[in-house]
Amino acid sequence: MRLMEITYTIAQSSSPQTFSLPAPIPQWPQGQGFASGFVNLGEIQVSKVNKFEFIWRSSFLPDTKSAVAFYRPVGVPDSFHILGHYCQPVDKPLHGFVLVAREVETCMPKTADDICNQDKLPPLKNPRDFKLVWNQYSGRMEMPGVYFWLPEPPEGYNALGYLVKNNPDKPLLDEMCCVRSDLTDKCQTYRQILTVGSRNREFSFQVWSLRPCDRGMIGKGVSVGTFFCSNGLNMREELPVACLKNLNHVLPAMPNLQQIHALINHYGPTVFFHPDETYLPSSVDWFFKNGAMLYTKGVSKGEEIDANGSNLPTGGSNDGKFWIDLPSDGRRDFVKRGDLKSARLYVHVKPALGGTFNDIAMWVFCPFNGPATLKIGIKNVTMSKIGEHVGDWEHFTLRICNFSGELYSIYFSQHSGGEWVDAYDLDYIGGNKAIVYSSKFGHASYPRPGTCIQGSPKLGIGIRNDAARSNLYVDSSIHYELVAAEYLKNDVTEPQWLQFMREWGPKIVYDRKTELDKVINALPRILKYPVRNLFNKFPVELYGEEGPTGPKEKNNWIEDERW
C-alpha cells in the first residue's frame with residue numbers, strides 16, 4: 001500500500017471526536033421556545049443537527065494540518081429537509097452544526113380553500129437539477145474521489161448549501177431542499193478553510209466558511225452552518241448560496257428573564273486579573289459614591305455625581321459637552337485603584353444570528369487604565385503616560401445556542417478588536433464556567449494566560465498584554481447585574497448611568513514624540529526605523545488620555561462583535 005493510500009486509510013478511521021461541555025447542561029426553567037430544539041422563523045421552522053456521517057477528507061494535501069473533512073447530517077427529525085452539508089478542519093473536535101428546515105404547519109394547506117396565501121409559492125422546494133462544481137478522482141478503491149454539487153434552485157428560490165458525494169452519481173433531487181427567496185438573506189465568506197492549488201486555474205478549488213451579512217441585535221440573518229466552495233473559474237461577487245432570514249418578530253426562542261439568570265448562573269466566567277494589577281475594577285455605584293465628578297464644557301468646576309447617576313445628562317451623542325473625571329481631592333489616587341469587592345459584571349442580553357443564538361455581553365468597569373509597557377526584543381519599557389486614561393469599559397460575550405441552551409463560544413474583546421473562541425478551546429474553572437484573563441493595566445480579555453504582543457509578535461516589538469491567574473478575580477456567575485435586554489421590553493429597567501452617551505474620562509493629548517523618541521534613540525540603529533514605523537501604526541488613543549464612552553455608545557451594543 002502506497003503512502004498516500006495509508007494516509008487516507010488512517011484519515012478515514014480517525015474522524016474528530018464530537019465535543020461535549022465539561023459538565024451536563026441543566027434542565028432550564030420552562031417558558032417560551034428557548035432550548036426546545038426548534039426555532040420558528042415565520043413560514044419555516046428550523047432545527048439544529050450536530051450529528052454527522054463522514055464523507056471525505058482532503059488528506060491528499062501535503063500539509064495535514066490544513067486538512068478538512070466533509071460530512072452529511074444524520075438523525076434529521078421527521079418532515080425536516082437538508083439544506084446543505086457540513087465541513088470543518090480535521091484537527092478540531094467536531095463542534096459545528098447545520099440547520100434543517102420544514103414548512104410551519106399553520107401555513108400548510110388543509111383543504112383547497114384553507115391556505116395562508118394562495119398566491120405564495122411553498123417555502124421549500126427540491127432543486128430542479130445539480131451542477132458539478134469540482135471533483136477529485138483518484139482512480140483507486142482505497143482513495144475514493146469526491147464530488148461537490150451545487151443545487152440549481154427553481155425560479156424564486158435560493159440554494160443554501162452544497163452536497164458532497166464520494167461517487168460520481170448525480171444526487172437525487174429530493175436529497176436536499178431550496179428555500180423561497182424572500183425567506184433567505186445574503187451571506188458572505190469570512191474564513192478560507194481549504195485551498196487546492198493548481199497550475200491550471202480551472203482545477204484550483206477553495207472552500208470558505210459562511211456568515212450572514214445582516215448580523216447584530218436587529219439583524220435577521222440566520223447562519224445555516226453550510227459552506228461556500230468554488231473552482232478557479234467560478235469565483236464571483238454574488239454568492240450562489242444564501243442564508244436564512246428570521247421573519248418572526250416575536251423571537252420565541254430567546255430566553256425569558258428566569259432563563260437568562262439560569263444561563264448566567266451556569267456559564268458565568270471567572271475573570272482573573274494579573275497578580276501585579278494596580279488598577280482594579282469597581283462597581284459604577286462605588287465610583288460615584290467615592291467622588292466621581294461630572295464636568296461641563298466651558299465650566300471649570302465639576303459637580304459630584306450622585307450615587308444613582310441621576311444628575312448625568314442622558315441621551316444625545318458623544319458631542320464633547322460633558323465628561324466624567326476622578327475626584328479632584330485627596331481621594332483621586334484611592335479611586336484610581338478601584339474596589340474589587342464591589343466589582344460586578346454589567347450584563348446585556350441580545351439576539352444573535354437572527355434569534356437562533358443569544359449573546360450575553362458582560363461589561364466590566366475600571367476607574368482607571370494604566371500606562372502601556374513596550375516590548376522591544378528582550379527589553380521592556382514601562383511608559384510614564386502613554387496608554388493611561390480615566391475610565392475603562394471592557395467586555396466579553398457568551399454566545400448561547402437557543403436550540404439547546406449550550407454555550408457555543410466566547411468573544412474576547414481586545415482593544416480595537418477581539419476574537420471568538422469555540423467552547424472546546426476554552427479554559428474552564430468548574431463545570432461549564434470558563435476563565436477570562438484580564439491583561440495587566442489595559443484590562444483586555446484573553447482566553448488563556450501569557451503575553452500577547454500588540455504590534456509585531458514576529459519581531460518581538462509592540463505593546464505587552466500580560467495575563468495571569470491570581471487571587472484577584474470576579475465570579476460573573478454571582479457578581480453581576482442585568483442592565484439591558486431590549487427584546488424583553490419592560491422586564492429589565494436600564495440604570496440611569498447607562499444612558500450617559502459621553503466620555504467616562506477627560507481628553508488630554510500628550511506630546512508623544514518626546515516620550516517615544518527617548519525609547520527610539522536608545523535602540524541600535526538597525527532597529528530605529530522599523531520601531532518608529534510600528535509606533536505610527538498604533539491606535540491614536542494610545543497617545544492621549546481620552547476616557548471611553550459607555551457600553552451603549554459602542555458599536556457592538558447593537559452591531560455584531562468584530563470578527
Exercise. Under 3.5 Å, is there a donor-acceptor pair between the H479 and Y473 side chains?
Worked result: no

Exercise. Taking atom types as modelled, is there a side-chain donor on E486 or W557 under 3.5 Å from an acceptor on the other?
Worked result: yes

For this session: Say whether, by atom type as modelled, one donor and one acceptor occur between the side chain of D306 and the main chain of N308 under 3.5 angstrom.
Result: yes

Exercise. Distance only, no hydrogens: is a donor on one side chain within 3.5 Å (strictly under) of an acceptor on the other, for Q192 and Q206?
Worked result: no

Problem set entry | Cationic N near anionic O, under 4.0 Å, E481 to R344 | yes

Problem set entry | Any L257 side-chain heavy atom under 4.5 Å of V492 side chain | yes

For this session: Please report the C-alpha distance between R448 and D425 in whole Å, then the side-chain angles of each, then the deciding distance to 0.1 Å, and finally whether the salt bridge (charged side-chain N to carboxylate O under 4.0 Å, His left out) criterion is met.
Result: CA-CA 10 Å; R448 49 191 55 85; D425 215 15; 3.8 Å; yes

For this session: Check the angle between the aromatic planes of F97 and Y408 and answer parallel, tilted or perpendicular using the 30° and 60° thresholds.
Result: perpendicular

For this session: Could you tell me whether E559 and K554 have a side-chain N and a carboxylate O separated by less than 4.0 Å?
Result: no

Problem set entry | Donor-acceptor pair, side chain of N50 and main chain of V98, under 3.5 angstrom | no

For this session: Assert yes or no for the condition that the ring centre distance of Y346 to W497 is strictly below 6.0 Å.
Result: yes

Exercise. Quick one: do K186 and D214 make a salt bridge, cutoff under 4.0 Å?
Worked result: no

Exercise. Going by distance alone, is a donor N or O of one side chain under 3.5 Å from an acceptor N or O of the other, for Q188 and R215?
Worked result: yes

Exercise. Roughly how far apart are Y424 OH and S409 OG, rounded to 0.5 Å?
Worked result: 10.0 Å

Problem set entry | Between CZ on residue R180 and CG on residue L183, distance to nearest 0.5 Å | 4.5 Å

For this session: Check the side chains of D475 and S477 for a donor-acceptor pair under 3.5 angstrom, ignoring hydrogens and angles.
Result: yes

For this session: Spell out, as yes or no, whether a donor-acceptor pair under 3.5 Å connects the side chain of Q259 to the backbone of G31.
Result: yes

Problem set entry | D359: partners by salt bridge (charged side-chain N to carboxylate O under 4.0 Å, His left out), with sequence neighbours left out | R399

For this session: Step through it carefully: locate the ring centre of F396, locate the ring centre of Y437, and say whether they are under 6.0 Å apart.
Result: no

For this session: Output all residues satisfying side chain to side chain contact (heavy atoms under 4.5 Å, CB included) with P351, sequence neighbours left out; order by chain, then residue number.
Result: M217, L251, M254, Y487

For this session: Report the C-alpha separation of R191 and T189 in whole Å, then their side-chain angles, then the decisive distance to 0.1 Å, and conclude whether the side-chain contact (heavy atoms from CB on, under 4.5 Å) test is met.
Result: CA-CA 6 Å; R191 183 181 298 133; T189 59; over 6 Å; no

Exercise. Under 4.5 Å between any side-chain heavy atoms of V49 and F80, yes or no?
Worked result: no

For this session: For this output row, return yes or no: ring centroids of W393 and W504 closer than 6.0 angstrom.
Result: yes

Seminar exercise, completed: Taken in chain and number order and not counting sequence neighbours, the residues that satisfy ring pair (Phe, Tyr, Trp, His ring centres under 6.0 Å) with H266 are W28

Problem set entry | Partner residues of N158 under the side chain to side chain contact (heavy atoms under 4.5 Å, CB included) criterion, sequence neighbours left out | S181, T184, A242

For this session: Please tell me if the side chains of V222 and L41 come closer than 4.5 Å, counting only heavy atoms from C-beta onward.
Result: yes

For this session: Kindly compute the distance separating OG (S413) from CD1 (I410), expressed to the nearest 0.5 Å.
Result: 13.0 Å

Exercise. Would S445 and E394 count as having a side-chain donor-acceptor pair, cut-off 3.5 Å?
Worked result: no

Seminar exercise, completed: Heavy-atom closest pair (Q454 atom, N465 atom, distance to 0.1 Å) is CB-ND2, 3.8 Å

Problem set entry | Presence of salt bridge, K245 and D182, under 4.0 angstrom | no

Problem set entry | Distance, nearest 0.5 Å, that separates CG of N358 from CD1 of I400 | 6.0 Å

Exercise. Going through the distances and angles, do I463 and I453 end up as a side-chain contact (heavy atoms from CB on, under 4.5 Å)?
Worked result: CA-CA 6 Å; I463 302 295; I453 302 298; over 6 Å; no

Exercise. Any idea how F368 and Y279 line up, ring-wise: parallel (<30°), tilted (30 to 60°), or perpendicular (>60°)?
Worked result: tilted

Exercise. What residues, two or more places apart in sequence or in another chain, satisfy ring pair (Phe, Tyr, Trp, His ring centres under 6.0 Å) together with F322?
Worked result: none

For this session: Compare all side-chain heavy atoms of L398 with those of L407 and state whether any distance is below 4.5 angstrom.
Result: yes

Problem set entry | Exceeds 12 heavy-atom contacts within 6.0 angstrom, atom CD1 of I478 | yes

Exercise. In chain order, what residues pass the side chain to side chain contact (heavy atoms under 4.5 Å, CB included) check against C87, with sequence neighbours excluded?
Worked result: V68, F70, I193, V207, F227

Exercise. What residues form a side-chain hydrogen bond (donor to acceptor under 3.5 Å, both in side chains) with T451, not counting sequence neighbours?
Worked result: R464, D466

For this session: Give the C-alpha distance, both sets of side-chain angles, the deciding distance and a yes or no for side-chain contact (heavy atoms from CB on, under 4.5 Å) between Y267 and L21.
Result: CA-CA 11 Å; Y267 291 122; L21 288 166; 3.8 Å; yes

For this session: Kindly check if the number of other-residue, nucleotide or ligand heavy atoms within 6.0 Å of NZ (K220) is above 12?
Result: no

Problem set entry | Heavy-atom side-chain contact between L345 and V364 under 4.5 Å | yes

Problem set entry | Close side-chain approach of N256 to Q32, heavy-atom, < 4.5 Å | yes

Exercise. Do Q45 and N40 get their side chains close enough for a donor-acceptor pair, meaning under 3.5 Å?
Worked result: no

For this session: Please list, chain by chain and in numerical order, all residues satisfying side-chain hydrogen bond (donor to acceptor under 3.5 Å, both in side chains) with E494, sequence neighbours excluded.
Result: Q499, K552

For this session: Take L239 and L210 through the side-chain contact (heavy atoms from CB on, under 4.5 Å) test and state the conclusion after the steps.
Result: CA-CA 10 Å; L239 301 182; L210 292 171; 3.7 Å; yes

For this session: Can you run down the side chain to side chain donor-acceptor pair (under 3.5 Å) pairs that involve residues 79-88, sequence neighbours left out, and say none if there aren't any?
Result: S79-R102, Y86-Q88

Problem set entry | Distance in Å, D392 CG paired with H443 NE2, rounded so as to fall on 0.5 Å steps | 6.0 Å

Exercise. Where the side chain of S342 meets the backbone of S283, is there a donor-acceptor pair that is under 3.5 Å apart?
Worked result: yes

For this session: Would you indicate whether the side-chain heavy atoms of L312 and F288 approach each other to under 4.5 Å?
Result: yes

Problem set entry | Any I260 side-chain heavy atom under 4.5 Å of L482 side chain | yes

For this session: Kindly write out the residues that satisfy ring pair (Phe, Tyr, Trp, His ring centres under 6.0 Å) with F273, not counting sequence neighbours, or none if the list is empty.
Result: none

Exercise. Mind checking what makes side-chain hydrogen bond (donor to acceptor under 3.5 Å, both in side chains) contact with Y428, not counting sequence neighbours?
Worked result: none

Exercise. To the nearest 0.5 Å, what is the distance between CD (E503) and CD1 (I324)?
Worked result: 10.5 Å

Exercise. Under the ring pair (Phe, Tyr, Trp, His ring centres under 6.0 Å) test, which residues partner H395, sequence neighbours left out?
Worked result: W363

